[in-house]
Amino acid sequence: MEDGDWVMVRPPTERDLWNPSLVDTESSKPLKLTFSGPAKHWTDAIPIGNGRLGAMVWGGVKEETLQLNEDTLWTGNPGNYTNPNAPEALTQVRKLVDNGQYVEATAAAVKLSGAPSDVYQLLGDIKLEFDESHLKYAEETYHRELDLDTATVRVKYSVAGVEFLREHFVSKPDQVIVAKISTSKSGSLSFTVSLDSKMHHNSHVHGKNQIIMEGSCPGKRIPPKANANDNPKGIQFSSVLDLQISDSKGVIQVLEDNKLRVEGSDWAVLLLVASSSFDGPFTKPSDSKKDPTSESLNKLESIKNLSYSQLYAHHLDDYQNLFHRVSLQLSKSSKSILGNNLLKTEKVVSLVTNSDFKESEDEKISTSERVKNFQTDEDPSLVELLFQYGRYLLISCSRPGTQVANLQGIWNKDIEPAWDGAPHLNINLQMNYWPSLPCNLSECQEPLFDYISSLSVNGSKTAKVNYEASGWVVHQVSDIWAKTSPDRGEAVWALWPMGGAWLCTHLWEHYTYKMDKDFLKNKAYPLLEGCATFLLDWLIEGPGGYLETNPSTSPEHMFIAPDGKPASVSYSSTMDISIIKEVFNAIVSAAEERTVQDGQLHGKLHYGLVFTTVSMHIGWLSIYLTW
């Protein structure tokens with residue numbers, strides 16, 4: 001107050017509440033992953049992404065590769081995820097379990113297995129080739145970094161006294177991968193750029209400064225090199241590379257109709273856009289009306305008048321709105337950054353992003369060295385870096401409107417990636433999204449909810465045909481087509497109908513964080529209701545009079561049966577019961593919330609006036625469910 005009058009002070013924005021400049025710089029290091037040389041392995045390359053488009057930056061000097069991904073590139077077509085022979089096999093397995101014949105039940109349960117998921121594919125590569133002088137770069141000048149504060153990769157080195165700088169980022173607002181290459185000496189930038197891919201593709205120069213690459217994914221689960229004549233049409237894709245150079249110096253030449261050569265420029269900016277024909281999990285690629293090349297060219301047309309600085313500003317505004325929501329300082333002299341600054345709301349903190357690339361003394365120690373040194377020097381700032389790197393990865397691989405983060409986020413270099421790059425629902429997919437709420441990135445979880453909705457459609461068919469149950473079910477692994485049937489192979493991993501139930505716990509947790517009534521009514525509650533309905537049908541009365549899950553596995557774990565042999569199939573595993581308890585608690589709480597909200601009794605099992613309390617004794621656990 002001043003002279004008895006109130007002075008209005010604006011509330012602090014999220015950006016005001018966290019800023020690297022506010023951190024105790026004496027005890028904290030910059031939020032950067034640093035490297036002293038080019039990547040030798042894929043895991044040493046640096047990931048960048050906007051949720052849909054991704055790239056891995058290797059940082060090579062004479063030759064550079066940016067490995068590209070687009071999150072809708074998968075093998076296959078929508079499938080039939082039912083097995084009409086499953087009920088008979090289920091009856092056999094249940095009888096064996098009831099008789100304590102767990103080894104035999106494990107063998108018989110293979111009849112319940114299904115087909116494998118489809119496979120996540122890659123887009124291709126941007127290849128940069130520099131002249132022979134780059135082989136003699138000064139190694140001591142090399143520096144490669146990922147700046148988590150700006151989601152920007154920078155590579156710097158010197159050749160014969162001339163400094164070369166590359167900057168890379170992926171813009172969510174403008175849906176483009178951006179790379180800028182510049183030098184400290186005017187007219188000294190020369191290189192060749194091309195697009196390539198391990199997928200079936202062709203590329204050609206378009207106009208004077210663009211390269212178009214068009215290709216396709218296999219229409220079924222076989223590698224492209226074995227492409228069969230009867231292979232159905234798969235997802236089509238297109239990427240377009242646009243090359244811009246300084247106005248005053250430099251020329252662009254076309255080489256071999258599929259490469260562009262830059263000579264004598266001051267700088268160059270590369271823009272990469274990509275699209276696919278994927279039109280949702282229930283539409284065959286052959287029925288898609290989307291034209292990937294037209295979409296890509298239209299996207300480039302929409303951003304053609306934006307300068308590099310404007311593209312970068314759009315990127316920063318979008319990314320930092322998410323990243324700057326959370327700070328973590330574990331250093332000994334840490335101070336309450338949020339608390340101190342909430343008391344100083346009259347101070348407006350402005351974020352100034354300095355694009356100048358200046359390496360501090362701390363950054364000369366590579367991140368890999370810091371990891372090794374952690375055994376003897378438990379540097380808390382490395383823990384801070386790891387925490388924020390996790391948040392960065394989630395922001396970079398999952399955004400509203402994108403596909404769900406798969407087994408490798410969005411990054412993949414292989415046409416046959418490990419475990420197919422597919423979402424695994426027996427912990428991996430859940431782990432991808434555990435940080436979303438406690439790390440204040442709730443929007444990044446939206447693709448998961450869209451995915452659960454698709455799974456519920458196919459899962460209702462699987463539940464009805466395979467298990468003669470209502471509601472919907474999902475098993476251990478899925479793909480872009482929302483596969484819900486069991487995986488191929490042994491029961492120890494394939495037979496696990498709790499995948500959808502575990503995913504549903506994210507729905508209720510999201511509501512408890514956000515208290516979004518529309519989300520509860522229109523998204524969470526219907527999905528929880530369908531899941532709980534299946535679980536009620538899946539629970540059967542066992543020989544001892546208890547309700548149990550049979551057959552039951554603990555994901556990817558074996559046990560020693562009473563006869564001394566290994567088995568994986570029994571009844572009522574702790575995993576099953578824990579998840580079922582959590583889902584039942586969630587649906588009861590959700591029903592109560594909705595009743596409070598609109599005054600109507602909710603519950604698919606009872607549309608009448610009677611409340612019934614059922615005691616479900618499951619092993620040693622009693623769950624009381626009111627519906």
Side-chain angles (χ1 to χ4, degrees), residues 13-15 18 31 46-57 66-73 123 126 146-154 167-180 237 239-242 269-276 278 292 295-296 298-326 351 353 355 388-406 408-412 432-433 435-436 439-451:
T13 65
E14 290 173 339
R15 181 171 292 179
W18 191 89
L31 290 175
I46 299 177
I48 54 176
N50 67 0
R52 185 180 71 87
L53 296 171
M56 294 290 284
V57 182
L66 273 69
Q67 291 177 326
L68 308 172
N69 291 104
E70 201 273 357
D71 69 350
T72 64
L73 300 190
L123 175 59
I126 298 176
L146 167 62
D147 185 346
L148 297 182
D149 185 52
T150 62
T152 304
V153 171
R154 298 183 180 90
E167 301 169 279
H168 310 275
F169 64 89
V170 189
S171 169
K172 172 68 165 61
D174 295 311
Q175 288 296 311
V176 60
I177 298 174
V178 183
K180 182 178 181 181
F237 66 83
S239 60
V240 181
L241 177 73
D242 182 88
V269 172
L270 289 76
L271 306 178
L272 189 286
V273 296
S275 302
S276 87
F278 178 74
E295 287 190 10
S296 296
N298 289 339
K299 169 49 65 177
L300 271 179
E301 181 68 18
S302 70
I303 61 174
K304 70 176 184 179
N305 294 324
L306 296 177
S307 67
Y308 175 83
S309 297
Q310 289 172 319
L311 290 169
Y312 192 58
H314 293 173
H315 160 67
L316 284 184
D317 185 63
D318 166 74
Y319 171 77
Q320 292 181 335
N321 178 54
L322 294 170
F323 189 73
H324 281 180
R325 292 176 180 177
V326 173
L351 175 64
T353 302
S355 61
Q388 295 289 14
Y389 184 48
R391 296 183 68 243
Y392 164 83
L393 289 174
L394 182 57
I395 294 171
S396 300
C397 74
S398 184
R399 295 288 203 98
T402 70
Q403 299 304 305
V404 72
N406 63 52
Q408 297 177 181
I410 53 173
W411 301 280
N412 170 40
N432 282 351
Y433 289 98
S436 60
C439 293
N440 206 358
L441 298 172
S442 60
E443 299 95 325
C444 294
Q445 197 171 207
E446 288 185 20
L448 178 64
F449 303 144
D450 295 337
Y451 192 53

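Note that the structure is predicted; figures quoted are calculated from it, not measured.
F169 pairs by the ring pair (Phe, Tyr, Trp, His ring centres under 6.0 Å) definition with Y308, Y312, H315, not counting sequence neighbours. With sequence neighbours left out, the side chain to side chain donor-acceptor pair (under 3.5 Å) criterion links S239 to no other residue. Legend: residues meeting ring pair (Phe, Tyr, Trp, His ring centres under 6.0 Å) with F449, ordered by chain and number and at least two apart, are H510, F519. Partners of Q67 by side chain to side chain donor-acceptor pair (under 3.5 Å), not counting sequence neighbours, listed by chain and number: W42, W58.
Put simply, the side chain of S296 gets close to the backbone of P292: a donor and an acceptor are under 3.5 Å apart. R52 places no side-chain N or O within donor-acceptor distance of the main-chain N or O of D71, the cut-off being under 3.5 Å. Side chain of Y433 to backbone of L394: no donor-acceptor contact under 3.5 angstrom is found. Side chain of Q445 to main chain of S442: no donor-acceptor pair is present (N/O by atom type, distance under 3.5 Å, no hydrogens or angles).
Of all non-hydrogen atoms in P400 and E446, the two that sit nearest each other are CB-OE1, 3.4 Å. Contact record, S398 with C444: OG-O, 2.6 Å, taken as the closest heavy-atom pair. When all heavy atoms of P47 and L393 are compared, the closest pair comes out as CG-CD2, 3.9 Å. Here the closest non-hydrogen pair linking A274 and L123 is CB-CD2, 3.7 Å. Taking all atoms of both residues into account, the shortest heavy-atom contact from V178 to V269 is CG1-CG1, 4.3 Å. Shown here for A55 and I177, the closest heavy-atom pair between the two residues is CB-CD1, 4.3 Å.
For the salt bridge (Lys or Arg N to Asp or Glu O under 4.0 Å) condition, no pair includes a residue of residues 170-180, sequence neighbours left out. Residue pairs satisfying the salt bridge (Lys or Arg N to Asp or Glu O under 4.0 Å) criterion with at least one member in residues 389-398, sequence neighbours excluded, are absent.
When side chains are defined from C-beta on, R154 counts as touching D147, because their heavy atoms get closer than 4.5 Å. The side-chain heavy atoms of F323 and L31, taken from C-beta on, include a pair separated by under 4.5 Å. Using a 4.5 Å heavy-atom cutoff, the side chains of D242 and V240 are not in contact. The closest side-chain heavy-atom distance from C397 to W411 is below 4.5 Å. Between S171 and L311 the shortest side-chain heavy-atom distance does not fall below 4.5 Å. Side-chain contact check for F278 versus Q403: some heavy-atom pair is nearer than 4.5 Å. Side-chain contact between L68 and L272 is present, with heavy atoms from C-beta onward closer than 4.5 Å.
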Evaluation steps, side-chain contact (heavy atoms from CB on, under 4.5 Å), between Q320 and T150: CA-CA 7 Å; Q320 292 181 335; T150 62; 4.0 Å; yes
CA sep, side-chain torsions, deciding dist, call: L316, D318, side-chain contact (heavy atoms from CB on, under 4.5 Å): CA-CA 5 Å; L316 284 184; D318 166 74; over 6 Å; no
side-chain contact (heavy atoms from CB on, under 4.5 Å) evaluation trace for N50 with Q175: CA-CA 8 Å; N50 67 0; Q175 288 296 311; 3.6 Å; yes
Test side-chain contact (heavy atoms from CB on, under 4.5 Å) applied to Y392 and I48, step by step: CA-CA 9 Å; Y392 164 83; I48 54 176; 3.5 Å; yes
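Between H168 and the options L270, L66, I126, a side chain to side chain contact (heavy atoms under 4.5 Å, CB included) holds for only L66.
Side-chain atoms of S276 and T72 include a donor-acceptor pair closer than 3.5 Å.
L53 CG to S396 OG: the interatomic distance, rounded to the nearest 0.5 Å, is 12.0 Å. Residue T152 holds its OG1 atom at 8.0 Å from CG of L146, rounded to the nearest 0.5 Å. To the nearest 0.5 Å, atoms CD1 (I410) and OG1 (T402) are separated by 8.0 Å.
A salt bridge does not link E443 with R399: every distance from a Lys NZ or Arg NE/NH1/NH2 to an Asp or Glu carboxylate oxygen is 4.0 Å or more.
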